[in-house]
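Down below is the structure, laid out as structure tokens.
Numbers here are sequence positions counted from 1.
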Amino acid sequence: MKFASTLTGLLQREGGAADPARAASGRLGRQGAPARELDLLLIWAAVGLLLLGLVMVYSASIAIAEGSRFTAYQSHYFLLRHAVFLAVGIGLGLMAFQLPMARWQQLAPALFVAGVVLLVVVLIPGIGREVNGAQRWLSLGPVNLQPSELMKIFAALYAADYTVRKLDVMGSFVKGFVPMMAVILLVGFLLLREPDFGAFVVITTIAFGVLFLGGVNVRVFVLLAVVAVIGFVILIWTSPYRRDRIFGFMDPWQDAYGKGYQLSHSLIAFGRGEWFGVGLGGSVEKLFYLPEAHTDFLLAVIAEELGFAGVLTVVALFALVVHRAFIIGREAIKLERYFAGLVAQGIGLWIGIQSFINMGVNMGLLPTKGLTLPLMSFGGSGIVANCVALAILLRVDWENRQLLRGGRA
């Protein structure tokens, strides 16, 4: 295929080994040591974020748990729930790791359709659960399912599968780009009905980012970027609550007790943390001053308690996860495993974009979006989706290493 030959040539110019056999001999020949089964850097970075998130969720939620009748005044309420979600996520991740990427490719269209159905179901009155004016959850007994979190995985899988199937026409606007744009607009319409503008931004970035990495016409992509920016501006300007968020973001101190309340207290938390923080558990802002301290604004609590050093550690760990995701994806593409490579890079885009937006919101660089910090913030659907995504990423890496050893994926 034209895309395959072009991409292979690009990798050769960049110094990559286009021949799997040559790559395998080079990998195995270093110091005579066999390659590891999995990417340890990725594993330890992800484990570090998950464990630090568990600790900081507990620290950030103690006050609200002790002061709420809903939590039976138990300080460890959110800690236990987060630990259970994490255990479920790891369990489902282990199951997801067992599926070959070829099987994931077969399931990608069906999973995407299932995700769209869930987005429709959550909007049905009496079925979808409304919290703080947003109808984003499906009640499943003691837990709530947020379909938009699952849709992020499904979008990465479907966009990769679509790109591989349409490789020969990816340069065509009508045949390669328009069908995917129509599908994403449908998903976007459903998400904006909830409303969940943040998830819409992330899913759109994943889908069209994968298309760009898969070889969509650059001029088409630039046109898309311009149209997307105009569309987002229109969506913001025609929605009073989104417009208020923008104005509150630009000058939070103008209305520190109204539109700028969350951001002003987040900035106070960052200021109090200084270099090394006030100490674990010592945050003042989490004591009913900073709303959503254990979800959307967890980084602000980290900044206050662990200081600049803690925030820098979190940023470095996320950067390492995203970097390894793109390296794993590039390695898969070298081995002509285009679906697996694009899925890995799509997961890297997802974690990178969502963490960047959350950090930008906490630091006052971006308007509030209602997005959690991946792998760290409290939230069952988010943690489970993150763990499954990491498992798929590790599966891509494992299959790469098996092929490099001369085995079968």
Below 4.5 Å, heavy atoms only, C-beta onward: do [X] and [Y] meet side chain to side chain?
X	Y	result
Ile153	Ile347	no
Asp296	Val361	no
Leu373	Phe297	no
Glu331	Leu404	yes
Phe97	Ile392	no
Val55	Leu280	yes
Leu138	Asn144	no
Leu306	Val301	no

Rounded to the nearest 0.5 Å, what's the gap from [atom1] on [X] to [atom2] on [Y]? Could you check?
X	Y	atom1	atom2	result
Leu123	Glu194	CG	CD	5.5 Å
Ile90	Ile383	CD1	CD1	9.5 Å
Ser75	Glu66	OG	CD	5.0 Å
Glu149	Leu371	CD	CG	8.0 Å
Ile351	Arg324	CD1	CZ	14.0 Å
Phe212	Thr205	CZ	OG1	13.5 Å

**OP:** Kindly give the heavy-atom pair with the smallest separation between Leu167 and Gly214, and that separation in Å.
**Re:**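 Of all heavy-atom pairs spanning Leu167 and Gly214, the closest is CD2-O, 4.1 Å.
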Original post:
Taking the six-membered ring for Trp, are His265 and Tyr289 parallel (under 30°), tilted (30 to 60°) or perpendicular (over 60°)?
Top reply: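 Rings of His265 and Tyr289: parallel, as their planes differ by under 30°.
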Original post:
Should the pair Phe112 and Tyr158 be assigned to parallel (<30°), tilted (30 to 60°) or perpendicular (>60°) ring geometry?
Top reply: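 The arrangement is parallel - the two ring planes meet at less than 30°.
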Subject >> side chain to side chain donor-acceptor pair (under 3.5 Å) partner of Glu399, the single match among Gln402, Arg401, Arg395 >> reply: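 Of Gln402, Arg401, Arg395, side chain to side chain donor-acceptor pair (under 3.5 Å) with Glu399 is met by Arg395 alone.
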**OP:** Let me know which of Phe78, Tyr77, Tyr58 forms a ring pair (Phe, Tyr, Trp, His ring centres under 6.0 Å) with His294.
**Re:**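 That would be Phe78; it is the only one of Phe78, Tyr77, Tyr58 passing the ring pair (Phe, Tyr, Trp, His ring centres under 6.0 Å) with His294.
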Check: [Y] main-chain N/O paired with [X] side-chain donor or acceptor under 3.5 Å:
X	Y	value
Ser355	Gly352	yes
Asp397	Ile328	no
Asn362	Ala300	yes
Asp161	Ala108	no
Gln262	Leu290	no
Thr313	Ala309	yes

When you look at [atom1] of [X], are more than 12 heavy atoms from neighbouring residues, nucleotides or ligands closer to it than 6.0 Å?
X	atom1	result
Phe356	CZ	no
Arg193	CZ	no
Leu86	CG	yes

**OP:** Check step by step if side-chain contact (heavy atoms from CB on, under 4.5 Å) holds for Lys286 and Glu305.
**Re:** CA-CA 10 Å; Lys286 69 184 182 185; Glu305 296 189 350; 3.0 Å; yes
**OP:** Please test Thr372 against Gln354 for side-chain contact (heavy atoms from CB on, under 4.5 Å), starting from the C-alpha separation and ending with a verdict.
**Re:** CA-CA 8 Å; Thr372 57; Gln354 185 165 331; 3.5 Å; yes
Subject >> Residue that, paired with Phe339, satisfies side chain to side chain contact (heavy atoms under 4.5 Å, CB included) out of Val396, Thr163, Leu157, Ile333 >> reply: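 Output: one option passes, namely Leu157.
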**OP:** Give a yes or no on whether a salt bridge exists between Glu130 and Arg136, defined as a side-chain N under 4.0 angstrom from a carboxylate O.
**Re:**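 Salt bridge between Glu130 and Arg136, a charged N being under 4.0 Å from a carboxylate O: no.
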**OP:** State, without any angle test, whether Glu285 and Ser283 hold a side-chain donor-acceptor pair at a distance under 3.5 Å.
**Re:**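 Ser283 and Glu285 do not have a side-chain donor-acceptor pair below 3.5 Å.
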Original post:
Which is it for Val57 and Thr295 under the side-chain contact (heavy atoms from CB on, under 4.5 Å) test, yes or no, and what are the steps along the way?
Top reply: CA-CA 8 Å; Val57 163; Thr295 55; over 6 Å; no
**OP:** Apply side-chain contact (heavy atoms from CB on, under 4.5 Å) to the pair Tyr162 and Leu211, showing each step before the final yes or no.
**Re:** CA-CA 9 Å; Tyr162 176 88; Leu211 287 182; 3.9 Å; yes
